[in-house]
Amino acid sequence: MSGEVNDEIMKEYERIKDKISYEDFLKKMEERKKEYEDVSFMSDLDIARTITGEYIDEKNEALSEGNKPQKISQLTAGHDNVCVIGRIMSVSNVKKFTNRKGNHGKLANMIIADETGQIRVTLWTENVKFLDEVIEGDVVKLNRVEVKQGFRNENNEIQTSRDSKLEKITDGNFEELPKYEEKLTNLADVKGESTVNVVARIIRIPRVRTFDRNGNDGKVMSLEIQDKTGQMQLTLWNNDVGIVEDLKLKEGDSIKVLGAQSRLRNGEVSLTHSWRGRIIKGEFDVPEYDEDILKIGDAHEMKNVTVIGVVCKNYDKITFERNDGSKGQVKSIEMQDETGSIRVTLWNDDADMKLEKGSIIKITGGNIEFDEYSGTDYRINTNWNTKIDEDPEIDDKLRENLQKCGDYIKPVEISTLNEMDDEGDEVDIIGRIISVQDPSEFQRTDGTSGTVRTVEIGDATGVVRTSFWDEKAEKSLNPGDAVKIENARTRFGNYNMELSVGRTSRLMEPSEEETKNLPSLSEIEEKIYKTKHVDELEEGDQNIRLLGRILNVYDPNQFQRSDGTQGIVRTVEIADGTGTVRASFWDEKANLPMKAGDTIKIENPRVNYRDGNIEISISRNTVVTKPKEDETGKLPSLDEIQDMIYKNRKIEDVEEEDRNIKVTGQIVEAYGNKILYEMCPNCNKRVNFSENAYICDICGEEIDEPNYLMIISCVMEDETGTMRATFFRKAAEEFIGMTTDEVRDVIAKTGDEGSLEDKVADMVGQEITIIADASYDEYNEEIRLNAKKVVSLKI
DNA sequence: CCCCCCCC
């Protein structure tokens, strides 16, 4: 301390050095600094002056220094160094404030009155201490004060300053002054628009509400108070909200409120703490507050109830625009106790509360309304003065009961969904996305369009097909993602219970704790997909996995669906050692990079029966991946597969039904006089050139640019016989060593459709190995080979 | 130096 005592403070002490020891002075300085520690207006010198002021005023200086007390009605704005005597009619709470420069200060207001009138007195920071000496009813003499016109009002007010001298007058007869009377009013008797004093107990301290006050933040809080006659709200505005903290007000405290302003609004009377009023915490004679906790099972239409329960459902908040253009938000939860459950509607700031499922909450001051939509018949509507406590203090018995309720609201295992009997039940699940389809648009009966997306979700116990609707369908969803879904609705699917994730469902990211026991994607797949070999495939198989090797990849074909949209389909032959299967890859799956010899893992294909063969269909909900090496270890090589499935046939052994046979022979004849045929792109039938255009006989259309089909025929010979073989498309390209486009260009350039006859004829004498299907040619009454692939070609 | 009104 001594180090901080500068010359000026020392000079202050010099003025009173014969009245107080330096040691005591320093001690007083310390005490007073503590008192003013939250007041940045007060420098150490200011504090020193308050001490000297005390001593010099008390003993030495003349009270008025020639100032004659004036009557209140005669006070004139603009005069300073004024003296006035009056009785204190009210004292306000001390308000802390921060001015524009960021300095902290204190302010209190008194009202003093004499026989001519009354006036407000403001006590600033250094004068607030005066309130330790006086209470309502005391007579005070205020000297060296300034009279000013009040802010934004006509009334004069008295401003005190550091130089002002404020004293309580105890001797003298002040019968002419108005009496101070502290009349208490029962809450039940408070009427609107008056100033009252009440004694009550605080029964609820709700949250501070914030609002926009012309661009500034406004604050408001309404204490719920109660006396033996009734309940009422006591509202604190803005800075006054700090009184709760300053006085350390707690629920259950009894208070006296002086000078509260009553107002009538919407038919209800409430109290507002006013600038002139004072809240005093103390031991006042008001009944203890016994809180009535309503059991949810007893809910009916009623106001101002207190309910304790466990959050059992949680819905996403909804934001909306009010009529005045401001934004509001609302959120629903459902809470449950051992007697039932009830919907709770939370507004605005309350809608931002976390309120996790399973947490215990207490709603104080809610209103129960009938609600036919909630499913719980009633709902608790909260309002701006409802208090929502998370994890309130409750006794162990109740806690135990509520936690038992909480057991039912945990996420369910997916396998248990099939044990459920009803559609429309809401459940929570935690799982991993197994597969996703692309969102697809659909038209509702009311004409609006919606989006739906099928997602498969699995956990350690099973898989559930789930439909995501509209904005939920647009979310980023990827196989392998862990998801938590609250309030998914059950609905019957073709085979199993399915789930629907719509507007009231919540799509969430599960916590680390919640995913601890969730198997990985491959572990789930292992459980749900049954691996089948090609020869085990059966029509209608579901959830199967096929591991194989690509034998042949054909070019993608565009086609038009009946609804006019374009589709792509690509045929791929897949084999595994037990057989080959034709696979159709649709749309975006048709563009997957694939080539003969690649290994491939196909999960969840459709398995169809068509033209006497099993085929598989790979579309949006099929998962196609490249298998890992340990999965393909047992898969034969391409050569081995070809040897296995392409049975060697001598020409004389070829039978009409043979498929995928491998035939080797020498080319003894090859026909190249016409190898390119023009096809209608719509009908895929031959078109003929006539009158300078291609005309399709089938559709009658004139064709701008036909499709070209290459067909080359030859005769093969081995030691057992000869047979005609026809090469179509890709096989023809392999045969001639040119693409269809190249052949078309040559023919177009020369104008002679036989211009490649010599090149084809050059093949004669070569040894060729082909993969082919056999067929019976009715016209020529002989078996022919339809070559699918040229395996080798050598001279 | 504070701001007498204001929030659902």
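Naming: A, B, ... by sequence-line order, numbering from 1 per chain. If you're wondering where the values come from, they're calculated on a predicted model, not measured in any experiment.
Under the 4.5 Å side-chain criterion, counting only non-hydrogen atoms from C-beta, V269(A) is in contact with M232(A).
In this structure, N385(A) reaches neither bases nor backbone, as no heavy-atom distance under 4.0 Å exists between it and the strands shown.
At a cut-off of 3.5 Å, with distance as the only test, a side-chain donor of K317(A) or Q329(A) sits close to an acceptor on the other residue. Between the side chains of N81(A) and R144(A), no donor-acceptor pair of N or O atoms lies under 3.5 Å.
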Show your reasoning for whether side chain to side chain donor-acceptor pair (under 3.5 Å) applies to N381(A) and R343(A).
CA-CA 9 Å; N381(A) 201 1; R343(A) 183 71 59 99; over 6 Å; no
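We find the CG-NZ distance between N238(A) and K95(A) to be 8.5 Å, quoted to the nearest 0.5 Å.
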Distances under 3.5 Å between nitrogen or oxygen atoms of protein and nucleotides 1-3 of chain B:
residue	atom	partner	partner atom	Å
dC2(B)	O2	R120(A)	NH2	3.3
dC2(B)	N3	R120(A)	NH2	3.4
dC2(B)	N4	Q159(A)	NE2	3.4

